[in-house]
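Take a look at the structure below.
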Amino acid sequence: MFEKCEAIVMRTVDYGETNKIVTLFTREWGKVAAMARGAKKPSSRLSAVTQPLAYGHYLVRRSRGVGLLHQGELIDSMRALREDLFAAAYAAYIVELTDKSTEEQKRNPYLFELLLQTLQYMSEGRDLEIMTFIYEMKMLSVLGIPPVLDRCARCGATEGRFSFSVKEAGFLCHRCEAADPHRFSLSPASARLLRLFYHLDLARLGAISVKEGTKAELRAVLSSYYDEYAGLSLKAKRFLEQIAELKDKLDLGGERET
């Protein structure tokens with residue numbers, strides 16, 4: 001029996017000369033895989049709806065293994081993300097992070113909505129790195145590795161100057177900072193944003209402008225924390241780092257020309 005679902009295309013794998021196996025992240029069932037017969041043909045009605053990042057309604061016959069995708073109706077192709085190299089890299093990273101962090105057919109409508117809203121904000125031109133930071137912070141709960149952000153992880157103090165300790169899995173106040181010589185120094189803005197990004201209702205996101213120095217602090221904290229606790233090897237993360245280096249070189253080149 002074919003069932004209707006709302007889904008985002010996470011990834012596709014070619015199967016034979018004309019077919020694809022499509023991994024869908026659905027609101028109703030979580031992550032499912034389905035065969036899309038003939039989807040590699042440009043003339044196929046499944047061609048557009050099985051592009052990576054496509055969001056729409058799909059008719060799927062589920063099974064314990066690979067199901068069958070019968071048809072789809074696009075709501076948003078996310079074309080703006082796929083056609084911009086930098087946007088595509090950030091989008092691919094958060095999708096792969098979601099993919100590697102979730103089990104097959106385990107329903108999580110909160111995570112579906114979080115992924116959808118993040119991709120849509122990116123598509124609208126929001127700051128790609130800030131959206132990625134927010135998503136990474138929120139994924140820490142999904143992964144079961146939330147840091148201590150509302151107090152000092154050692155003494156429980158809620159006031160003072162804070163740094164971030166990967167070793168202690170959270171904030172350290174200035175009185176306890178000697179407990180971790182490898183702690184990350186944080187500006188007050190970085191400490192505030194880490195808490196904000198973790199608790200923020202994404203639907204209420206307003207305009208956020210963050211200085212490059214603050215971004216660098218957030219990037220260092222999140223990268224080290226994920227490396228230590230998440231246990232994920234993400235191809236898109238390595239590509240994203242290469243893209244970020246390229247972007248920095250392009251920005252510096254533009255500054256020299258002006």
Side-chain angles (χ1 to χ4, degrees), residues 1-109 111-124 128 131-132 135 139 142 232-240 242-243:
M1 180 181 70
F2 286 100
E3 302 171 88
K4 188 175 183 179
C5 67
E6 182 184 352
I8 298 163
V9 177
M10 303 184 86
R11 54 187 162 90
T12 66
V13 177
D14 291 345
Y15 187 84
E17 293 185 4
T18 61
N19 307 321
K20 294 180 184 178
I21 295 177
V22 182
T23 300
L24 300 171
F25 192 53
T26 74
R27 188 185 294 274
E28 294 83 359
W29 317 313
K31 187 169 62 178
V32 298
M35 176 74 73
R37 291 175 178 161
K40 286 175 64 178
K41 298 178 180 178
S43 60
S44 170
R45 57 189 171 82
L46 294 179
S47 178
V49 298
T50 56
Q51 294 295 314
L53 305 179
Y55 162 55
H57 290 119
Y58 296 83
L59 275 181
V60 178
R61 186 170 68 203
R62 288 188 289 160
S63 73
R64 291 184 178 179
V66 178
L68 181 64
L69 175 60
H70 179 61
Q71 67 182 53
E73 179 184 356
L74 276 179
I75 298 173
D76 189 344
S77 68
M78 303 287 180
R79 184 175 177 180
L81 291 180
R82 294 203 310 272
E83 292 185 345
D84 180 276
L85 178 63
F86 299 111
Y90 281 97
Y93 168 62
I94 67 165
V95 168
E96 188 183 7
L97 175 57
T98 308
D99 189 7
K100 293 290 183 70
S101 304
T102 53
E103 299 175 18
E104 297 282 340
Q105 300 197 38
K106 189 170 183 180
R107 184 173 181 267
N108 191 334
L111 185 54
F112 176 87
E113 190 63 31
L114 178 65
L115 178 60
L116 176 60
Q117 286 186 333
T118 303
L119 291 173
Q120 288 177 331
Y121 279 140
M122 287 180 166
S123 184
E124 291 168 5
L128 296 167
M131 295 311 307
T132 301
Y135 198 84
M139 282 299 294
V142 176
L232 300 174
S233 177
L234 304 176
K235 293 179 181 178
K237 178 67 171 178
R238 294 191 291 274
F239 180 63
L240 185 59
Q242 293 171 351
I243 290 294

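A quick note: this is a predicted structure, and the numbers were derived from the prediction, not measured.
- Atom OH of Tyr15 has 12 or fewer neighbouring heavy atoms from other residues, nucleotides or ligands inside a 6.0 Å radius.
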Quick one: do Leu74 and His57 satisfy side chain to side chain contact (heavy atoms under 4.5 Å, CB included)? Show the steps, please. CA-CA 7 Å; Leu74 276 179; His57 290 119; over 6 Å; no
Could you walk me through whether Met78 and Leu119 pass the side chain to side chain contact (heavy atoms under 4.5 Å, CB included) check? CA-CA 8 Å; Met78 303 287 180; Leu119 291 173; 4.0 Å; yes
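- The residues Glu113 and Arg27 are annotated as salt-bridged, a charged nitrogen and a carboxylate oxygen being separated by less than 4.0 angstrom.
- The backbone N or O of Leu234 sits nowhere less than 3.5 Å from a side-chain atom of Glu96 that would complete a donor-acceptor pair.
- The closest side-chain donor-acceptor pair between Thr50 and Lys20 falls under 3.5 angstrom.
- Atom CD of Glu73 has 12 or fewer neighbouring heavy atoms from other residues, nucleotides or ligands inside a 6.0 Å radius.
- Residues Ser123 and Leu81 approach most closely at N-CD2, 3.6 Å, considering heavy atoms.
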Before you tell me yes or no, could you show the steps for Leu53 and Arg79 under side chain to side chain contact (heavy atoms under 4.5 Å, CB included), namely the whole-Å CA-CA distance, both residues' side-chain angles and the distance that decides it to 0.1 Å? CA-CA 8 Å; Leu53 305 179; Arg79 184 175 177 180; over 6 Å; no
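- Inter-residue side-chain proximity for Leu232 and Leu97 is flagged as met; some heavy-atom pair is nearer than 4.5 Å.
- For Glu3 and Arg62, the salt-bridge test passes: some basic side-chain N is under 4.0 Å from an acidic carboxylate O.
- Cation-pi check for Arg61 over Phe2 is met; the charged atom lies under 6.0 angstrom from the ring centroid and within 45 degrees of its normal.
- Between Met139 and Ser101 the shortest side-chain heavy-atom distance falls below 4.5 Å.
- Side-chain contact between Ser233 and Arg238 is present, with at least one heavy-atom pair separated by less than 4.5 Å.
- Side chain of Asn19 to main chain of Gly38: a donor-acceptor pair is present (N/O by atom type, distance under 3.5 Å, no hydrogens or angles).
- Scanning all heavy atoms of the two residues, the minimum distance from Ala33 to Glu104 falls at N-OE1, 4.2 Å.
- Of the possible polar contacts, none joining the Lys237 side chain to the Tyr93 backbone as a donor-acceptor pair under 3.5 Å is found.
- Counting heavy atoms from C-beta on, the side chains of Thr132 and Met122 come closer than 4.5 Å.
- No donor-acceptor pair under 3.5 Å is formed between the side chain of Arg107 and the backbone N or O of Lys31.
- Here the OH-CG distance, from Tyr90 to Leu85, works out to 11.0 Å after rounding to the nearest 0.5 Å.
- No side-chain donor from either of Thr26 and Tyr58 sits under 3.5 Å from a side-chain acceptor of the other.
- Nearest approach of Ala7 to Leu24, heavy atoms of both residues: CB-CB, 4.0 Å.
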Lys106 and Thr102: side chain to side chain contact (heavy atoms under 4.5 Å, CB included), yes or no, with the steps? CA-CA 7 Å; Lys106 189 170 183 180; Thr102 53; over 6 Å; no
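- Across Val32, Asp99, Leu116, Leu111, a single residue satisfies side chain to side chain contact (heavy atoms under 4.5 Å, CB included) together with Phe25, and that is Leu111.
- Looking at Tyr55 and Glu6, their side chains do bring a donor and an acceptor atom within 3.5 Å of each other.
- In this structure, Glu124 places its CD atom where more than 12 heavy-atom neighbours from other residues, nucleotides or ligands lie under 6.0 Å away.
- Here the side chains of Ile94 and Leu115 are in contact, with some heavy-atom distance below 4.5 Å.
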